[in-house]
Amino acid sequence: MTFQAPKGTFDWLPPRSERVLAVREALVQPVRQAGYGYIETPTFEDTELFKRGVGESTDVVTKEMYTFLDKGGRSITLRPEGTAPVVRAVLQHGLHNGQLPVKLWYSGSQFRYERAQKGRYRHFWQVGAEALGAEDPALDAELILLAWQGYQSLGLRRVELLINSLGDRECRPAYRGTLQEFLRGLDLDEETRRRIEINPLRVLDDKRPEVQAQLGDAPLMVDHLCEACKAYHEEVRSLLAAAGVPYTDEPRLVRGLDYYTRTTFEFVHGGLGSQSAVGGGGRYDGLSELIGGPSLPSVGWALGVDRTLLAMEAEGLLDDTGEGRVAVYGVPLGEEARRRMFLLMAELRRAGVSADMAFGGKGLKGAMKGADRSGARFALILGERDLAARAVQLKDLTTAEQTEVPLAQVVEIVKGKLS
RNA sequence: GUGGGCGUAGCUCAGUUGGCAGAGCGCCAGGUUGUGGUCCUGGAUGUCGUGGGUUCAAGUCCCAUCGCUCACCCCA
């Protein structure tokens, strides 16, 4: 082997790659049905967008970004997440000057420079949805419900929804101080102590047992929410309950991006190895202002496409890759037959019948083998004898029954048999 | 960035106290000169990750290095 995919990346190959398309399609379908419009933004952005948007204190920005200088000396970063670019595009094009909320969805690659492990790669795929410019608990609940429906439609049964509220600029600062005071009294390593000063909430999310053991009495945001945040959170929870979406309150859920306020949530699954989140999101009322825009209270999520596939695999939903690639397979014998078969394939496809044929001058036996492996229902065998008779042999590969049909009618006949 | 495990055929892997490079699956061909799957027979494919060392002799032992993988951390 001369080259391989860069560290931390991988290729999607058939037949699994087809499932990736299906997963994206399924996750997106509910969102489209709810009036979200498709947006595509560049794969790379001005580095500053992520520094300001995602937050200087986050791991994503401090150590996980693919950043480089382009030939014009600009600092460019491959997007590590999709929300900041969407907000940037909305502001740039003034989409928020129309009716609110602006509802958008996207699907694409994200990049983070991390040590790869199961479910975590340097290049990964997300489907995302964002609703910008409205502060309404029903919008938070709608998004959560749409994601939930996406997972359900894929047959996933072991996806769990965790929710929390991170408060807002009214109540979070005071809580933050209280939490810092508590954390400073604990026995923690140096890096974690540093984190107490920069982003104390994330210490709560530390999964190391020696850290968790000390957090039993830690003050929680839920107990320090202001009246407005409390009411908002209650309403989101009540709407979810009314819609029949099961959820678990997780007061330690913090998430790693700085822009989240109030509602945060994560969809977790136990089948991904040590990674558990298959999707997550929350409200980000301050993000627009962080990157120079007006107040634009918004909520959104991103669902990991490759992680969703792992979850499906863990639930045994990927097993039968059964269906054939094509419905009909052409077996030409000789030069003249190959030319005619080439045209016949085109006719079949034009008529809406998927078709493939044997290439490379294979003998009959080899070509029939190809027919078998293609998963085709029918083989069309065409040799000199058939050409002379202006006919083709139509073989049903499931019953081995073979009939001769006129070349002029084969497309119609095959179409009829397949319907 | 830190730690564990693993690198042998296209794939999954065996290879004993150091002694001729192996199996299964897949692929190709034939059994059947115009018929697939099942079956039978035969065939091809290896810088044993790479470099160095020890030894009469290294896939096997030692050192280094690269890669993969799992986990920590973090997140989708």
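Protein chains get the first letters and strands the later ones, always in sequence-line order, with residue 1 at the start of each. Source: prediction; values computed, not measured.
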Looking at [X] and [N], is any side-chain donor or acceptor paired with a base atom of the opposite kind under 3.5 Å?
X        : N      : value
A:Arg115 : B:rG3  : yes
A:Asp372 : B:rG37 : no
A:Lys395 : B:rG36 : yes
A:Arg195 : B:rC73 : no
A:Gln402 : B:rU35 : yes

What integer number of Å spans the [atom1] atoms of [N] and [M]?
N      : M      : atom1 : answer
B:rA9  : B:rG34 : P     : 39 Å
B:rU65 : B:rA57 : C1'   : 25 Å
B:rU32 : B:rG24 : C1'   : 27 Å
B:rG5  : B:rU47 : P     : 27 Å
B:rC66 : B:rG30 : P     : 48 Å
B:rG19 : B:rG59 : C1'   : 13 Å
B:rU16 : B:rC63 : C1'   : 25 Å
B:rC62 : B:rA76 : C1'   : 44 Å

Taking the side chain of [X] as heavy atoms from C-beta outward, which of [options] is closest to it?
X        : options                : answer
A:Gln275 : B:rA76, B:rC73, B:rG34 : B:rC73
A:Ala400 : B:rC72, B:rC74, B:rG36 : B:rG36
A:Asp386 : B:rC72, B:rG34, B:rG36 : B:rG34
A:Lys369 : B:rG36, B:rG34, B:rC73 : B:rG36
A:Arg307 : B:rU35, B:rC75, B:rC28 : B:rC75

Carboxylate-amine/guanidinium proximity below 4.0 Å for [X] and [Y]:
X        : Y        : value
A:Glu347 : A:Arg340 : yes
A:Arg202 : A:Asp59  : yes
A:Glu335 : A:Arg338 : yes
A:Glu197 : A:Arg184 : yes
A:Glu315 : A:Arg157 : no
A:Arg88  : A:Asp46  : no

For [X], which contact category applies under a 4.0 Å heavy-atom criterion: base, sugar-phosphate, or nothing?
X        : value
A:Gly383 : base
A:Gly363 : nothing
A:Glu64  : sugar-phosphate
A:Ala371 : nothing
A:Arg373 : sugar-phosphate

Practice task
For the pair A:His224 and A:Tyr175, name the ring-plane relationship: parallel under 30°, tilted 30 to 60°, perpendicular over 60°.
Solution key: tilted
Problem - A:Leu309 and A:Trp12, any side-chain heavy atoms less than 4.5 Å apart - result: yes
Rounded to whole angstroms, how far apart are [atom1] on [X] and [atom2] on [N]?
X        : N      : atom1 : atom2 : answer
A:Lys365 : B:rU35 : NZ    : C1'   : 9 Å
A:Trp301 : B:rC75 : CH2   : P     : 20 Å
A:Glu384 : B:rU35 : CD    : P     : 15 Å
A:Leu253 : B:rC74 : CG    : P     : 14 Å
A:Arg202 : B:rC74 : CZ    : C1'   : 7 Å
A:Arg193 : B:rC73 : CZ    : P     : 18 Å
A:Gln4   : B:rU50 : CD    : P     : 13 Å
A:Leu394 : B:rG34 : CG    : C1'   : 16 Å

Practice task
Indicate whether OP1 or OP2 belonging to B:rC68 is found under 4.0 Å from a side-chain N or O atom of A:Lys7.
Solution key: yes
Handout entry: Side-chain N,O (A:Arg255) to OP1/OP2 (B:rA76) below 4.0 Å
Key = yes
For nucleotides 41-45 of chain B, print each protein N/O atom paired with a nucleotide N/O atom at under 3.5 Å, atom names and distance only.
none

Exercise for the section: Quickly, which of A:Leu343, A:Val411, A:Val410 forms a side-chain contact (heavy atoms from CB on, under 4.5 Å) with A:Leu348? Name it, please. Expected result: A:Val411
Practice task
Only counting residues at least two apart or in another chain, list the ones meeting salt bridge (Lys or Arg N to Asp or Glu O under 4.0 Å) with A:Arg122.
Solution key: none
Completion exercise
Partner of B:rG3 under the Watson-Crick or G-U wobble criteria, both distances under 3.5 Å, comes out as B:rC70
Exercise for the section: Would you mind telling me which residue lines up with the more 5' stretch of RNA chain B, A:Leu303 or A:Thr9, judged by nearest nucleotide? Expected result: A:Thr9
Handout entry: Position toward the 5' end of RNA chain B (nearest nucleotide), A:Phe10 or A:Gln117
Key = A:Phe10
